[in-house]
**Q** 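Starting off with a structure, shown below.
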2 protein chains.
Amino acid sequence: MRKKIKPSKLSEYLKEKIEEAIATGVFSPGMKLDEIDLANKFGVSRTPIREALIQLASSGLVEIRPRRGAVVTPIDPKKLYEMFEVMAELEALCAKLASRRITDEELINMKKIHEECKKTEIIENPDLYYYKNEEFHLALYKASHNDFLIEQTTNLHKRLSSFRRLQLRVRGRILSSLREHEEIINAITNGDADSASQLARHHIIIQGERFSDLLATLQPDR
Amino acid sequence: MRKKIKPSKLSEYLKEKIEEAIATGVFSPGMKLDEIDLANKFGVSRTPIREALIQLASSGLVEIRPRRGAVVTPIDPKKLYEMFEVMAELEALCAKLASRRITDEELINMKKIHEECKKTEIIENPDLYYYKNEEFHLALYKASHNDFLIEQTTNLHKRLSSFRRLQLRVRGRILSSLREHEEIINAITNGDADSASQLARHHIIIQGERFSDLLATLQPDR
DNA sequence: AACGGTGTTTGTGTATACAATTTATAAAAT
DNA sequence: ATTTTATAAATTGTATACACAAACACCGTT
């Protein structure tokens, strides 16, 4: 008893809903996901819930322990750093390919997004910046013109989103972020694949490196 | 009516079985995977079959079209090239990290595997070389000491395995492969992260580049 | 012969029922 | 009081049942 619209595939719809709930922190890391609870909450049977959870498990957002149910994947600082390490490389590849393959149109659009990022009301609001920043990165991925890469990178991006959001609250991070974006755009504009790649890598890896510290201040709820 | 051993989770077991059947070509690309057929074949109900298919769909091995069932993901030359492009970058990252993090033990083991690859009886048998080659690459991934990277790379490796296997039948490919492995090992031994990274990238990308040609000679069965 | 409508069939998607395990609870023993 | 063991409760994993949409075949019309 939740929604009127009836999607052709409930499990797909539920997957997105649960994904969203995890991203926005409604379901926090370590939290147990009871199939029956979820089924009641969404007014469906266990079957599509299970199928949604299986998909989320494949993408790493939840963990399914055999016979012991599903939990939102707990935050593991080590693994998180590892994920940033991989993310950095994927974004670097996006940037490298983008430098060679971006269309005029895409480049103009990217610059437009960047200009919007720089607006003061956005700079001063981490939540607003979060969305614009996301737009920028998605535009970068698309400019790689490698659909498989776009898919993989977008996936990992999603999985790291909540952490990146936190990261933006660190003093001065938004301004550094903007500067880095600008450098990346310049490199791409000049078709300098190597620079673009290195800059993009650094743009991500720096977040991973700072994360260990940031995480130390957090208490993962069990 | 197939196996005596009873795994704790049928869907996991079935996932592996179907995965294997796809890798070995028993289920060829484009082939329809009827849930009821599979259920009968394995002597189980549709439920665990569905769950297995969903997992395989998340990993990209099969495609599930809503209301139209599952098929083994058809070969798309463009996408395949894209996958190699990403794979090259992941392996490059493995090599880079390995140069910095590999243990003495791991390095010795890697050299041992490489020596085994060079044995004549293996060089002359693409199928044998396939397995030894795989060992080499898995050792490289592990040496990165980044569990998330290992997982991602191993996944993609699996997905490309059947194509790599084909690739090994190209005249002279095995010998080039060996030479490239040797160069990678040397770079890692010297702790030369940049060279190792570039060599590993090239080792993979060359396969992707040659694949368009190779694929042209194949007829994807519908 | 080609085209399009209509009824049938097949197969997916979801719900429900049952089986098998783990977790919680409580009693008994040290 | 604490640990151990037995029993009950709860939850996952699998099987079956049902609903509905898509594919198919058949037939009449043009």
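Just so we're on the same page: letters track the sequence lines, and every chain starts at 1. Since this is a predicted model, take the numbers as computed values, not measurements.
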**Q** Measuring from the side chain of B:R67 (C-beta onward, heavy atoms only), which nucleotide among D:dT12, D:dA15, D:dA22 has the closest atom?
**A**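 Taking heavy atoms from C-beta onward, the closest nucleotide is D:dA22.
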**Q** Could you give the CD-to-P distance, from B:E12 to D:dT12, as a whole number of Å?
**A** 16 Å
**Q** Between C:dG13, C:dG11, D:dT12, which nucleotide gets closest to the side-chain atoms of A:R50?
**A**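 So the nucleotide nearest the side chain must be D:dT12.
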**Q** If I take atom CD1 in residue A:I64 and atom P in nucleotide D:dG13, what distance separates them, rounded to the nearest angstrom?
**A**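 From A:I64 CD1 to D:dG13 P: 7 Å.
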**Q** Between C1' on D:dT16 and CD1 on B:I36, what's the gap in Å once rounded to a whole number?
**A** 12 Å
**Q** Ignoring hydrogens and angles, answer whether the base of C:dG11 and the side-chain atoms of B:R46 contain a donor-acceptor pair closer than 3.5 Å.
**A** no
**Q** What integer distance in Å separates A:K9:NZ from C:dG11:P?
**A** 17 Å
**Q** If I take atom CD1 in residue B:I49 and atom P in nucleotide D:dG13, what distance separates them, rounded to the nearest angstrom?
**A**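 From B:I49 CD1 to D:dG13 P: 16 Å.
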**Q** Whole-Å distance between D:dT11 C1' and A:L33 CG?
**A** 14 Å
**Q** Can you check whether B:R164 reaches B:N133 side chain to side chain, under 4.5 Å on heavy atoms?
**A** yes
**Q** Relative to A:Y131, does A:R165 satisfy both conditions: NZ or CZ under 6.0 angstrom from the six-membered ring centre, and within 45 degrees of the ring's axis?
**A** yes
**Q** Rounded to the Å, how far apart are B:F42 CZ and D:dG13 P?
**A** 20 Å
**Q** Please determine whether a side-chain nitrogen of the Lys or Arg among B:E106 and B:K142 lies less than 4.0 Å from a carboxylate oxygen of the Asp or Glu.
**A** no
**Q** Have a look at B:R68 and say if it touches a base, only the backbone sugar-phosphate, or nothing, with a 4.0 Å heavy-atom cut-off.
**A**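 Result for B:R68 = sugar-phosphate.
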**Q** Describe, in one word, how the ring planes of B:H157 and B:Y141 are oriented to each other, choosing from parallel (under 30°), tilted (30 to 60°) and perpendicular (over 60°).
**A** perpendicular
**Q** Just the rounded figure in Å: distance from C1' of D:dT12 to CZ of A:R65.
**A** 12 Å
**Q** Please tell me which of B:S45 and B:P66 maps to the more 5' nucleotide of DNA chain D, matching each residue to the nucleotide holding its nearest heavy atom.
**A** B:S45
